[in-house]
Amino acid sequence: MRQPSLFIPHGGGPCFFMDDPRGIWTGMGAFLRALPGTLAERPRAVLVVSGHWETDGFAFTGAERPTLIYDYYGFPAHTYALRYDAPGAPAVAARAATLLREAGLVASVDPSRGLDHGVFVPMKVAWPEAEIPVVVMSVDRGLDPERHVAAGRALAALRDEGVLLLASGMSFHNLRLFGSPRAAEPSAAFDAWLTHAATQTGAARAEALIRWETVPAARLAHPQAEHLLPLMVAAGAAEGAGERIYSETVAGAAISAFRFH
């Protein structure tokens, strides 16, 4: 059965594994925990597009037993002892790299790269048993949205092979504005545009997303594009309409997640 293509928020650092007295991350955590129940069947593997890994061209993790990369700073000591011992899927990584090369894109397999926090944190919430193999895909350092849509289009075949495409980023990612009342207006404006664009079908959706920088508030929502580009991959891997599957105001900013059919 065909797996969907998803774009999800991964939160802030190891936020779901810390005290949260104000409940900032409660709703997002509940959304992530419920994700497996929205799938028609258990994935054979999960390919996670991470906004925390940039490479020249695209790269995929090829380790049999990937380690964890604690790429967050200033958090409680226990968050650097988190474990997520999911197996890798070298065959899926090789297949994905081949699909991209056949589409004329630069792609490689990194045999030693581990799972960064944009991968293991949401995966640990959604699939805590750590039994499903995980492959991580980087974003291309050139940050070209059209190239990322093309990468998603090339990877669409994996969905019919039991691989869940899980794009991990944030629909709003301006760290200076999180927690500030100044986040409300630009995040809401960008979220409204993004929802309209993402819920279109195939070519129309791609055309809209590729021009994201022209949207008012775009660069306030994303001073850098790396947390938005995973969405481009997820959107490119589907032709059917997208749907918003999560929407919440988090630390003063509008945040959404999408499923592509």
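All values reported here derive from a predicted model rather than from experimental measurement. The figures that follow rest on heavy atoms only: side chains count, while hydrogens, waters and symmetry mates do not.
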Enquirer: Kindly indicate whether the side chain of Leu228, heavy atoms from C-beta on, has any atom under 4.5 Å from the side chain of His173.
Expert: no

Enquirer: Which heavy atom of Glu54 sits nearest a heavy atom of Glu226, and at what distance?
Expert: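 Smallest heavy-atom distance, with atoms named: OE2-CB, 3.6 Å.
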
Enquirer: Using modelled atom types and a 3.5 Å cut-off, is there a donor and acceptor pairing between side-chain atoms of Arg83 and backbone atoms of Leu68?
Expert: no

Enquirer: With a 4.5 Å heavy-atom cut-off, do Leu115 and Val136 have their side chains touching?
Expert: yes

Enquirer: Given Arg259, which of Thr38, Leu35, Ile8 fulfils the side-chain contact (heavy atoms from CB on, under 4.5 Å) condition?
Expert: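 Among Thr38, Leu35, Ile8, the one that satisfies the side-chain contact (heavy atoms from CB on, under 4.5 Å) with Arg259 is Thr38.
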
Enquirer: With heavy-atom distances below 4.5 Å as the criterion, would you say the side chains of Trp212 and Arg219 are in contact?
Expert: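 Side chain of Trp212 against side chain of Arg219, heavy atoms only: contact under 4.5 Å found.
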
Enquirer: Give a yes or no on whether the backbone of Ile69 and the side-chain of Asp116 come within a donor-acceptor separation of less than 3.5 Å.
Expert: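 Checked: no pair found.
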
Enquirer: Verify, without hydrogens or angle tests, whether Arg44 (side chain) and Glu161 (backbone) share a donor-acceptor contact under 3.5 angstrom.
Expert: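 Checked: pair present.
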
Enquirer: Hey, does the side chain of Arg65 reach the backbone of Asp85 with a donor-acceptor pair shorter than 3.5 angstrom?
Expert: yes

Enquirer: Closest heavy-atom contact between Pro9 and Ile255?
Expert: CB-CG2, 3.9 Å

Enquirer: What's the spacing between Leu82 CG and Tyr70 OH if we round to 0.5 Å?
Expert: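 Spacing of CG (Leu82) from OH (Tyr70) equals 6.0 Å.
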
Enquirer: Which distance, rounded to the nearest 0.5 Å, do you find between the CG of Leu105 and the CG of Asp140?
Expert: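 Leu105 CG to Asp140 CG: 8.5 Å, rounded to 0.5 Å.
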
Enquirer: With no hydrogens and no angle check, just 3.5 Å: does a side-chain donor-acceptor pair link Asp110 and Ser112?
Expert: yes

Enquirer: Taking C-beta and beyond as the side chain, do Val119 and Thr61 meet within less than 4.5 Å on heavy atoms?
Expert: no

Enquirer: Check for me, please, whether Phe58 and Phe7 land in the same ILVMFWY cluster - side-chain distances under 4.5 Å, paths through other members count.
Expert: yes

Enquirer: Could you grab the distance from atom CD of Gln224 to atom CG of Asn174, nearest 0.5 Å is fine?
Expert: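 CG of Asn174 is found 10.5 Å from CD of Gln224.
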
Enquirer: Check this for me: Glu243, atom CD, are more than 12 non-hydrogen atoms of other residues, nucleotides or ligands nearer than 6.0 Å?
Expert: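 More than 12 within 6.0 Å, yes.
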
Enquirer: CZ/Phe16 to NZ/Lys124 distance, rounded to the nearest 0.5 angstrom?
Expert: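 Here the interatomic distance stands at 13.0 Å.
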
Enquirer: Between CZ of Arg176 and CZ of Arg182, what distance do you get to the nearest 0.5 Å?
Expert: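 Interatomic distance, Arg176 CZ to Arg182 CZ, rounded to 0.5 Å: 9.5 Å.
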
Enquirer: Kindly write out the residues that satisfy ring pair (Phe, Tyr, Trp, His ring centres under 6.0 Å) with Tyr84, not counting sequence neighbours, or none if the list is empty.
Expert: none

Enquirer: Rounded to the nearest 0.5 Å, what's the gap from CE on Met18 to NE2 on His78? Could you check?
Expert: 7.0 Å

Enquirer: Check each of Ser256, Ser171, Ser247 against Thr195 using the side-chain contact (heavy atoms from CB on, under 4.5 Å) test, and report the only one that passes.
Expert: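 Going through the options one by one, the only one that passes is Ser256.
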
Enquirer: Holding to ring pair (Phe, Tyr, Trp, His ring centres under 6.0 Å), I want the full list of residues that pass it with Trp193, two or more places apart in sequence or in another chain.
Expert: Phe190

Enquirer: With the side chain counted from C-beta on, respond yes when His10 and Val121 share a heavy-atom pair under 4.5 Å apart, and no when they do not.
Expert: no

Enquirer: Heavy atoms only: give me the nearest Leu209-Met232 pair and the separation to one decimal.
Expert: O-CE, 3.4 Å

Enquirer: How about Leu100 and Leu155: do any of their side-chain heavy atoms sit closer than 4.5 Å?
Expert: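 They are in contact (side-chain heavy atoms under 4.5 Å apart), so the answer is yes.
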
Enquirer: Kindly state each residue pair satisfying ring pair (Phe, Tyr, Trp, His ring centres under 6.0 Å) with at least one member in residues 239-261, sequence neighbours excluded.
Expert: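 For residues 239-261: Phe31-Tyr246.
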
Enquirer: So do the side chains of Leu229 and Leu143 get within less than 4.5 Å of each other, counting heavy atoms only?
Expert: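 Heavy-atom side-chain distance check passes, below 4.5 Å.
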
Enquirer: Should we count CD of Glu185 as having more than 12 external heavy atoms under 6.0 Å?
Expert: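 Incorrect, the count does not exceed 12.
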
Enquirer: Evaluate the side-chain proximity of Ser50 to Ser168: yes if any heavy-atom separation is below 4.5 Å, no if none is.
Expert: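 Contact flag for Ser168/Ser50 side chains = no.
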
